[in-house]
Asks: 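Input: one structure, supplied below.
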Amino acid sequence: MCRVLSSEHEDSMRLSRYFLPILKEAPKEAEIVSHRLMLRAGMMRQQAAGIYSWLPLGYKVLMKIEQIVREEQNRSGAIELMMPTIQSADLWRESGRYDAYGKEMLRITDRHEREMLFGPTNEEMITDIFRTYVRSYRDLPLNLYHIQWKFRDEVRPRFGVMRGREFLMKDAYSFDVDQAAAEKAYAKMFVAYLRTYKRLGLTAIPMRADTGPIGGNLSHEFIILASTGESAVFCDKELLDTPVPGEDVDFDADMKPIVESFTNKYAATEEMHDEAAFNALPEDRRVSARGIEVGHIFYFGTKYSEPMGAKVAMPDGTEKPVHMGSYGVGVSRLIGALIEANHDDAGIIWPESVAPFGAGIINLRPGDAAVDAACDKAYAELSKAGLDPLYDDTDARPGAKFASMDLIGLPWQIIVGPKGLADGVVELKYRRTGEKQLVSLDAAIARVTEKA
RNA sequence: CGGGGUAUGGCGCAGUCUGGUAGCGCACCUGCUUUGGGAGCAGGGGGUCGCAAGUUCGAAUCUUGCUGCCCCGACCA
């Protein structure tokens, strides 16, 4: 009894007590599938163009993605801190970007008529922190990151969270003594990104990106393939199966072979596409698809350290500006990308690593003693196993319950009704394939919890 | 920022051309019947028709101005 009660105070939830405002029809402004499904599944609500409230279901997914991103950043040796959303214009004047940035920057004036801004990124601020405290080459390398809300006043926000104005982003910044060291930091992040997307259930392909005036080849966009992607991409089919390093990867070792196992194969977005090089691939290895950018890493040398005076003392006593790189992951955008890559006509199909609840339990006849008891048992067992189940104990009709559960896309459903129970079985449904089987309650619980 | 749409209850929509007391489906509340893939019947609540001026005896409807939102393009995580 106490066990059941205490588990209820964790993440598991009875639908009758939850806040899950499901819509049968999607608001007309939502055009693409991820946007429609997020609104219908009650994950978010638009408050202004490109600005959203995160409702409980959406917020849970957002936090799960954020946590995976965080764990992989930490594993690679990056260190988390937190910078504010509001910044002073003065910092941006130092780098020259205050005037250069244009109208995408949301400029704010405070009560003392001081010029402020809602940060679209944090290179200036992190450089300021660095120059304040770090003076010696001995303190390098250093990689600091935070996961914070950003604002870019896009001319035309669209596609829901895929192209919002306010968005959650992980941005990391590396500091090194020279370009060779910075390249090592870059390679570490490259590998951390491969691992992050893998854990999210996505196949992200690193593609060379435009490095602008700095040149070199140290900029990659991480792209996932989805038919609704925003840009055309071209790559070698072998990249889809190139192995991603496991949890035991040693980040102190040389990352270059891993990076090269990806960068030695053709991959480019439309802007960087080289038709001749692509056509040199055997025909059956040419993948021409659409993609969604979910991360971007680049090395930019002394672009900020130089004008902002972020220098360290070198062994010979001279001072040199540090070499920097920055590494972004669009955390909120990833929700949209995940849905674009994982859905069917009935709704969302969450990868297990980010599903808002690990499994759904549907009670087809609340009030029926046997059905209630079976559901209570499933709920307690799944909760105990840390599966974080959502228990639909409402008195809605079966059809509505099935439709809602499919819509929100939990990996597993255990469906309990009086008819099946009379034969000693419940229905176990795997959302991704739609595969259903009639098994005993214990077997269903065992099957769902075996991976947890 | 150029071009095009659109704005009527929480969501989807009709009504606007031709001015005359705001309607439908879903959702919500009550009751009854139902209950294994988005139930049926009956009753009920909820909207100053985006905002502001104007025309008119009378404006959701006509005129003017403004604003929000959406789509296409250029731009970006």
Side-chain angles (χ1 to χ4, degrees), chain A residues 21-32 35-36 39-40 42 45-51 55 69 101-105 119-122 147-172 193 204 209-210 212 219-224 229-231 269 271 291-298 326-337 345-347 362-368 371 392 394-407 413 415-423 425-427 429 434 436 438:
Chain A
I22 281 179
L23 297 176
K24 216 161 170 178
E25 294 175 278
K28 65 178 172 187
E29 69 265 16
E31 194 80 351
I32 62 165
H35 192 190
R36 296 174 64 83
L39 292 171
R40 287 194 53 213
R45 166 166 174 77
Q46 177 162 318
Q47 303 290 172
I51 299 176
L55 305 182
V69 170
Y101 216 92
K103 300 186 87 167
E104 283 192 349
M105 178 185 281
T121 177
N122 288 68
I147 301 173
Q148 176 64 292
W149 292 95
K150 306 280 192 295
F151 195 92
R152 286 184 198 167
D153 199 359
E154 298 284 348
V155 205
R156 181 149 96 83
R158 64 187 126 168
F159 306 146
V161 296
M162 301 269 288
R163 183 75 179 282
R165 290 195 291 175
E166 188 183 54
F167 56 97
L168 187 61
M169 182 172 170
K170 184 285 300 182
D171 41 325
Y193 275 40
D210 193 355
S219 178
H220 286 88
E221 292 180 358
F222 285 76
I223 306 266
I224 65 161
E230 62 219 315
S231 52
T269 59
E271 306 88 65
I292 300 170
E293 183 184 346
V294 290
H296 195 168
I297 62 179
F298 52 96
S326 80
Y327 314 88
V329 171
V331 176
S332 49
R333 160 180 274 209
L334 267 166
I335 294 195
D345 289 345
I362 296 179
N363 183 331
L364 290 177
R365 189 75 60 87
D368 178 297
V371 178
D392 185 347
T394 64
D395 58 6
R397 298 179 62 80
K401 293 185 173 196
F402 297 139
S404 295
M405 200 59 88
D406 283 349
L407 175 62
Q413 298 172 18
I415 299 158
V416 186
K419 291 181 188 170
L421 227 43
D423 298 329
V425 295
V426 300
E427 183 179 299
K429 176 172 171 181
K436 293 176 256 194
L438 296 173

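Every chain is numbered from 1, with letters handed out A, B, ... down the list of sequences. Only heavy atoms go into these numbers, but all of them, side chains included; no hydrogens, no water, no symmetry mates.
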Asks: Hey, which of these two, A:V155 or A:V425, hits RNA chain B nearer its 5' end, going by closest nucleotide?
Replies: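 Result of the comparison: A:V155.
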Asks: If B:rU6 has a Watson-Crick or G-U wobble mate with both distances under 3.5 Å, name it; if not, just say none.
Replies: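 Here B:rU6 is engaged in a pair, and the nucleotide opposite it is B:rG68.
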Asks: Under 4.0 Å, counting only non-hydrogen atoms across every strand here, what does A:G50 touch: a base, just sugar-phosphate, or nothing?
Replies: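 Answer is nothing: A:G50 stays at 4.0 Å or more from every strand.
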Asks: Please give the nucleotide sitting opposite B:rC17 as a Watson-Crick or G-U wobble pair, both distances under 3.5 Å, or none.
Replies: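 WC or wobble partner does not exist here.
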Asks: Measure from the side-chain heavy atoms of A:P27 and tell me the nearest of B:rG12, B:rG37, B:rA77.
Replies: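 Looking only at side-chain atoms, A:P27 lies closest to B:rG12.
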Asks: Counting the atoms with a prime plus P, OP1 and OP2 as sugar-phosphate, which does A:K170 contact under 4.0 Å by heavy atoms, base, sugar-phosphate, or nothing?
Replies: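 The residue A:K170 makes no contact with any strand.
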Asks: Using whole Å, report how far CZ of A:R397 lies from C1' of B:rU33.
Replies: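 So the CZ-C1' distance, A:R397 to B:rU33, works out to 11 Å.
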Asks: From CG of A:D395 over to C1' of B:rA39, roughly how many Å is that when rounded to an integer?
Replies: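 Those two atoms, CG and C1', are 13 Å apart.
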Asks: Would you say that A:R152 contacts A:Y101 through its side chain, given a criterion of any heavy-atom pair below 4.5 Å between the two side chains?
Replies: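 In short, these two side chains touch, coming nearer than 4.5 Å.
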Asks: Which nucleotide sits closest to the side chain of A:E293: B:rG36, B:rC70, B:rA77?
Replies: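 Nearest nucleotide to the side chain: B:rA77.
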Asks: Please walk me through it: do A:Q413 and A:D406 pass side chain to side chain donor-acceptor pair (under 3.5 Å)?
Replies: CA-CA 9 Å; A:Q413 298 172 18; A:D406 283 349; 2.8 Å; yes
Asks: Is there a donor-acceptor pair closer than 3.5 Å between any side-chain N or O of A:R165 and the backbone N or O of A:D153?
Replies: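 Side chain of A:R165 to backbone of A:D153: no pair is present.
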Asks: In whole Å, measure the gap between the P atoms of B:rU61 and B:rG4 for me.
Replies: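 It works out to 23 Å between them.
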Asks: Given the C1' atoms of B:rU16 and B:rA60, what is the spacing between them in whole Å?
Replies: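 Result for the C1' pair: 7 Å, nearest Å.
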Asks: With respect to the phosphate group of B:rC76, does any side-chain polar atom (N or O) of A:R152 fall under 4.0 Å of OP1 or OP2?
Replies: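 Indeed not, no polar side-chain atom of A:R152 lies that close.
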Asks: Is there a donor-acceptor pair closer than 3.5 Å between any side-chain N or O of A:S332 and the backbone N or O of A:L168?
Replies: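 Side chain of A:S332 to backbone of A:L168, a donor-acceptor pair under 3.5 Å: yes, one is there.
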Asks: On a plain distance test, is the side chain of A:R156 in donor-acceptor contact with the base of B:rC76 below 3.5 Å?
Replies: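 Not at all, since no donor on one side and acceptor on the other fall under 3.5 Å apart.
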Asks: Quote, to the nearest angstrom, the P distance that separates B:rG44 from B:rC11.
Replies: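 Pairwise P distance, B:rG44 against B:rC11, rounds to 25 Å.
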Asks: At under 4.0 Å between heavy atoms, what does A:K28 touch on the DNA or RNA strands: base, sugar-phosphate, or nothing?
Replies: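 If one applies the 4.0 Å heavy-atom cut-off, A:K28 turns out to touch the sugar-phosphate alone, with no base involved.
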Asks: Answer yes or no for this row: A:F167 ring on B:rA77 base, centroids under 5.5 Å, planes under 30°.
Replies: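 Yes, the aromatic ring of A:F167 stacks with the base.
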Asks: Could you check whether A:A396 gets within reach of a base, just the sugar-phosphate, or nothing at all, counting any heavy atom under 4.0 Å?
Replies: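 Nothing: the residue A:A396, judged by heavy atoms under 4.0 Å, touches no strand.
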Asks: Regarding A:K103, tell me which of base, sugar-phosphate or nothing describes its non-hydrogen contacts under 4.0 Å with the strands shown.
Replies: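 Contact class for A:K103: sugar-phosphate only.
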Asks: Which distance, rounded to the nearest 0.5 Å, do you find between the OG1 of A:T269 and the CD of A:E293?
Replies: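 Nearest 0.5 Å value for the OG1-CD distance: 8.5 Å.
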Asks: Roughly how far apart are A:I362 CD1 and A:K401 NZ, rounded to 0.5 Å?
Replies: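 The distance works out to 7.5 Å.
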Asks: Using the C1' atom as the point on both nucleotides, what is the distance between B:rA59 and B:rG50, in whole Å?
Replies: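 My reading of the C1' atoms in B:rG50 and B:rA59 gives 16 Å.
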Asks: Measuring from the side chain of A:R158 (C-beta onward, heavy atoms only), which nucleotide among B:rG73, B:rA77, B:rG12 has the closest atom?
Replies: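 Given the options B:rG73, B:rA77, B:rG12, the side chain of A:R158 is closest to B:rG73.
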Asks: Between atom CG in A:D171 and atom C1' in B:rC76, what is the gap in whole Å?
Replies: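 Taking atom C1' of B:rC76 as the reference, CG of A:D171 is at 16 Å.
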Asks: In whole Å, what separates the P atom of B:rU8 from that of B:rC49?
Replies: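 My reading of the P atoms in B:rU8 and B:rC49 gives 11 Å.
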Asks: Tell which nucleotide pairs with B:rU34, taking only Watson-Crick or G-U wobble pairs whose two distances are both under 3.5 angstrom.
Replies: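 Its partner: none found.
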Asks: Could you tell me whether A:P21 contacts a base, only the sugar-phosphate backbone, or nothing, with contacts defined as non-hydrogen atoms closer than 4.0 Å?
Replies: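 No contact at all - A:P21 keeps every heavy atom at 4.0 Å or more from the nucleic acid.
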Asks: Between atom CG of A:L39 and atom CZ of A:R45, what is the distance when rounded to the nearest 0.5 Å?
Replies: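 Spacing of CG (A:L39) from CZ (A:R45) equals 9.5 Å.
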Asks: Heavy-atom distance under 4.5 Å between the side chains of A:K150 and A:D171, does that happen here?
Replies: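 When only atoms from C-beta onward are counted, A:D171 and A:K150 do touch, with a gap below 4.5 Å.
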Asks: Who does B:rG12 pair with, Watson-Crick or G-U, both distances under 3.5 Å?
Replies: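 Pair assignment: B:rG12 / B:rC24.
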Asks: For A:N363 and B:rG36, give me the distance from atom CG to atom P, rounded to whole Å.
Replies: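 Rounded to the whole Å, the gap is 13 Å.
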Asks: Using only atom types and a distance under 3.5 Å, with no angle test, would you say the side chain of A:K170 pairs donor to acceptor with the backbone of A:Y327?
Replies: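 Yes; judged by distance alone, with no hydrogens or angles, the pair exists.
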Asks: Looking at every strand, decide which applies to A:D406 at a 4.0 Å heavy-atom threshold: base, sugar-phosphate, or nothing.
Replies: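 Base, at least one base atom sits under 4.0 Å.
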Asks: Expressed in whole Å, how much space separates the C1' atoms belonging to B:rU21 and B:rC66?
Replies: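 These two C1' atoms come out 29 Å apart once rounded.
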Asks: Measure from the side-chain heavy atoms of A:L23 and tell me the nearest of B:rG36, B:rC75, B:rC11.
Replies: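 Within the option list, the nearest is B:rC11.
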Asks: Checking contacts here: which listed nucleotide (B:rG36, B:rC71, B:rC1) is nearest the side-chain heavy atoms of A:P398?
Replies: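 Within the option list, the nearest is B:rG36.
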Asks: Quick one: A:Q47 CD to B:rG68 P, roughly how many Å, whole number?
Replies: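 Distance, rounded to whole Å: 16 Å.
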Asks: Going from CD on A:E221 to NE2 on A:H296, what distance comes out if it is rounded to the nearest 0.5 angstrom?
Replies: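 Going from CD on A:E221 over to NE2 on A:H296, the span is 5.0 Å.
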Asks: A:I22 or A:E166: which one's nearest nucleotide on RNA chain B is closer to the 5' end?
Replies: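 Result: A:I22.
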Asks: Is the distance from OP1 or OP2 of B:rC70 to the nearest side-chain N or O of A:Q46 less than 4.0 Å?
Replies: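 For B:rC70, OP1/OP2 do have a side-chain N/O of A:Q46 under 4.0 Å.
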Asks: With both distances under 3.5 angstrom, what nucleotide forms a Watson-Crick or G-U wobble pair with B:rG73?
Replies: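 Pair assignment: B:rG73 / B:rC1.
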Asks: Using the P atom on both, measure B:rC28 against B:rG23 and round to a whole Å.
Replies: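 The same atom, P, in both gives a distance of 22 Å.
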Asks: Using both distances under 3.5 Å as the test, list the Watson-Crick or G-U wobble partner of B:rU63, or none.
Replies: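 B:rU63 is paired, partner B:rA53.
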Asks: Please report the distance separating the P of B:rC29 from the corresponding atom of B:rA22, rounded so that it comes out in whole Å.
Replies: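 The same atom, P, in both gives a distance of 27 Å.
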Asks: Counting any heavy atom closer than 4.0 Å, what does A:A30 reach on the DNA or RNA strands: base, sugar-phosphate only, or nothing?
Replies: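 If one applies the 4.0 Å heavy-atom cut-off, A:A30 turns out to touch nothing in the nucleic acid.
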Asks: Which part of the nucleic acid, if any, lies within reach of A:R163 when heavy atoms closer than 4.0 Å are counted: base, sugar-phosphate only, or nothing?
Replies: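 Contact class for A:R163: base.
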Asks: Taking the side chain of A:R333 as its heavy atoms from C-beta onward, which of B:rC76, B:rG36, B:rC69 lies nearest to it?
Replies: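 The nucleotide sitting nearest to the side chain is B:rC76.
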Asks: Can you tell me how far C1' of B:rA77 sits from CD of A:E104, to the nearest Å?
Replies: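 Roughly 11 Å, once rounded to whole Å.
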Asks: Does the structure show a Watson-Crick or G-U wobble partner for B:rU48, both distances under 3.5 Å? Name it, or say none.
Replies: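 Answer to the pairing question: none, since B:rU48 forms no Watson-Crick or G-U pair.
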Asks: Rounded to whole Å, please give me the gap between NE2 in A:H35 and P in B:rC70.
Replies: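 Spelled out: NE2 on A:H35 to P on B:rC70 is 8 Å.
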Asks: Measure distances between side-chain N and O atoms of A:R40 and base N and O atoms of B:rG38, and say whether any donor-acceptor pair falls under 3.5 Å.
Replies: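 Such a pair is found, so the answer is yes.
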Asks: Counting any heavy atom closer than 4.0 Å, what does A:G102 reach on the DNA or RNA strands: base, sugar-phosphate only, or nothing?
Replies: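 Contact class for A:G102: none.
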Asks: What nucleic acid atoms does A:G328 come within less than 4.0 Å of, heavy atoms only: base, sugar-phosphate, or nothing?
Replies: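 Nothing, no nucleic acid heavy atom in range.
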Asks: Specify the separation, in whole Å, of atom CG of A:L364 and atom C1' of B:rU34.
Replies: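 Taking CG of A:L364 and C1' of B:rU34, I get 15 Å after rounding.
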